[in-house]
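When reading the values below, keep in mind they use all heavy atoms of this one structure, side chains included, and skip hydrogens, waters and symmetry mates. On a predicted model such as this, the values are computed, not experimentally measured, just so you know.
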Amino acid sequence: MGLKGRDVISIRDLAREEIDELLAAARRMIPYAEGRKRGHALEDQILVLAFFEPSTRTRLSFDTAMQRLGGRCVTIADPGSSSIRKGESLSDTVRMLSAYGDAIVLRHPNEGAARLAATVSDRPVINAGDGAGQHPTQTLLDLATMQEAFGTLSGLKVVLLGDLRFGRTVHSLAHALALFGSQMVLVSPPQLRLPEEVREQLDHAGAKVEEEEQLHRALRDADVLYVTRMQRERFGDDLEFARIADSYRVDTNVLAAAKSRLIVLHPLPRTVEIAPEVDGTPHAAYFRQASLAVPVRMALLSLILTGKAP
Amino acid sequence: MRELKVTPIKNGTVIDHIGNGLALEVLRILEVHELDKDSTVSVALHVRSSKLGWKDIVKVENMELSPRKVNAIALIAPTATISIIRDSKVREKRSVSLPDRIAGVLRCPNPNCITNHGEPVESEFDVYRRRPVTLRCIYCERLVDEFLKLLR
């Protein structure tokens, strides 16, 4: 089944072959994303950006992706000024938006909002984050970065570090890595361990997952270190947060034991998890990861709206 | 004189092999308070059963179950059998079974799920695992394996 006209709500909606197709298209989009080539594939198409929760990078990268391919966007960026504030249901809002544009990108504070939107919309819906739920395009650009660095996603050893409990990006990523047969090592403070149900779903899918307390031990033979932000509000007090944040902080010392080809990823924005001294090392791939947001979203929009990618 | 523990019914439904102690939950699902005043509801609690050891039985006069109610019973009392009685004869007898998708029976336990925020939409779950029964909200993807408190 092709991607044309499809909703992308959860990474689970995509088969492994479809993810491969998207990543290959994203690689071809890089010269267009960087402005070296001019794209026209989405001329005359209008994308609705419906953001009911603040976001800068996700909204701007979708907007940029659309414009790089000659398309245009209309935007709800301040739900306070929209009819939602007057008590309109999301279902009604989405029905209206689907009459305006050719596809809808939705970010919403409630889990399941994008799935609901997809059931009422005549046009494809792309989930750009629903509460603590799914954020599939973030996962696609995580995968694109790993694939660019290693040429493959199969057989990689990926360490997932930090807030594995509340970090939605980690749950989607783990699911995708399971599809590609990567090995995962989980490293987190006890109160931020991967939820039992996510772990169970990974086991269900036959994924190779282990837990490790010591970061330096987990890093042995690892290809990728995926770091997430630990939020202060998840901890009892500032002192406990400082102690734990410090023990999981990634710096050049920690990376000294790693393979020279190890790459460090982070969905950004980072706070204290990665020391700035790492930025200058060949391990730092998080800015590259952020810059792939545009070509990955170009590939997705192009395939969903036209069924092909230049 | 022979003493009847549970009165036979002419028309209605018998739900047998309900897990011990679950009859009152089944009554809740049946919404027996909505029956007309001439219909009898019999409940037997803690009855000997060769299959289950102990079981509960519910008999309701003048009621046949909607698919929604049958699905709810399948969730709460998966061992139950349902017999439909017409003119004092058993016309149909079957075990309850869980369909692949269940709509409108449970609310999602995730308070942040969009189905708990005033949208004009029925909650809906698919079966993630059958033994033990685990459902997954089709909207927020939350897994659910405790159902009693979530019945609508």
Side-chain angles (χ1 to χ4, degrees), chain A residues 7-13 50 52-53 79 83-95 106-121 125 127 129-136 139 165-166 168 171-172 174-175 194-205, chain B residues 19 25 66-72 74-78 97-152:
Chain A
D7 303 309
V8 177
I9 307 303
S10 156
I11 198 74
R12 258 192 281 274
D13 295 340
F52 295 99
E53 211 182 36
S83 51
I84 288 277
R85 206 171 160 199
K86 299 172 195 149
E88 186 179 51
S89 68
L90 176 67
S91 310
D92 283 2
T93 306
V94 166
R95 273 194 194 97
L106 179 73
R107 171 167 289 190
H108 195 277
N110 289 124
E111 285 105 70
R115 186 71 69 190
L116 173 66
T119 63
V120 297
S121 169
V125 173
N127 186 4
D130 56 343
Q134 307 293 321
H135 192 5
T139 303
R165 181 160 173 216
F166 298 101
R168 63 181 163 201
H171 304 167
S172 300
H175 174 84
L194 199 72
E196 202 52 51
E197 61 184 55
V198 178
R199 179 68 201 258
E200 218 172 66
Q201 293 179 41
L202 291 176
D203 293 340
H204 202 67
Chain B
E25 300 303 336
S66 65
R68 197 191 77 85
K69 287 179 180 167
V70 175
N71 289 342
L75 272 179
I76 302 298
S97 70
L98 210 56
D100 293 333
R101 229 168 220 222
I102 297 156
V105 172
L106 301 173
R107 65 180 169 76
C108 181
N110 173 6
N112 204 36
C113 176
I114 191 73
T115 58
N116 290 321
H117 285 261
E119 291 294 323
V121 63
E122 263 193 341
S123 62
E124 203 166 335
F125 297 82
D126 54 24
V127 177
Y128 173 73
R129 186 171 43 212
R130 287 191 174 265
R131 253 163 223 245
V133 175
T134 307
L135 305 180
R136 176 160 60 194
C137 172
I138 68 157
Y139 293 99
C140 74
E141 305 191 2
R142 174 73 65 94
L143 296 181
V144 188
D145 56 9
E146 295 258 359
F147 311 115
L148 275 180
K149 287 188 185 134
L150 302 174
L151 283 175
R152 285 208 174 271

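- E196(A) CD to R199(A) CZ: the interatomic distance, rounded to the nearest 0.5 Å, is 8.0 Å.
- A donor-acceptor distance shorter than 3.5 angstrom exists from the side chain of D13(A) to the backbone of I9(A), with no hydrogens or angles considered.
- When heavy atoms are compared at a cutoff of 4.5 Å, P109(A) approaches chain B solely by way of its backbone atoms N, CA, C and O.
- With rounding to the nearest 0.5 angstrom, the CD atom of E25(B) is 10.5 Å from the NZ atom of K149(B).
- S121(A) contributes no side-chain N or O that, together with a main-chain N or O of A118(A), makes up a donor-acceptor pair within less than 3.5 Å.
- Using a 4.5 Å cut-off between non-hydrogen atoms, the part of residues 98-110 of chain B that approaches chain A consists of N110(B).
- Remark: F125(B) CZ to L150(B) CG distance equals 7.0 Å, nearest 0.5 Å.
- Closest approach of D7(A) and V125(A) over heavy atoms only: OD1-N, 2.9 Å.
- No donor-acceptor distance shorter than 3.5 angstrom exists from the side chain of N127(A) to the backbone of H135(A), with no hydrogens or angles considered.
- Among G131(A), S10(A), A132(A), the residue making the largest number of heavy-atom pairs under 4.5 Å with chain B is S10(A).
- A salt bridge does not link E124(B) to R115(A): none of the charged nitrogens lies less than 4.0 Å from a carboxylate oxygen.
- Taking a cutoff of 4.0 Å between a charged side-chain nitrogen and a carboxylate oxygen, R136(B) and D145(B) do not qualify as a salt bridge.
- The structure places CD of E200(A) at 4.5 Å from CZ of R129(B), a figure rounded to the nearest 0.5 Å.
- Q134(A) touches chain B through its side chain: at least one heavy atom from C-beta onward sits under 4.5 Å away, while N, CA, C and O do not.
- Contact annotation for R142(B): both backbone and side-chain heavy atoms come within less than 4.5 Å of a heavy atom of chain A.
- Proximity to chain A at a heavy-atom threshold of 4.5 Å picks out C113(B), I114(B), H117(B), E119(B), P120(B), V121(B) from residues 113-123 of chain B, in numerical order.
- The backbone N or O of S89(A) sits less than 3.5 Å from a side-chain atom of T93(A), completing a donor-acceptor pair.
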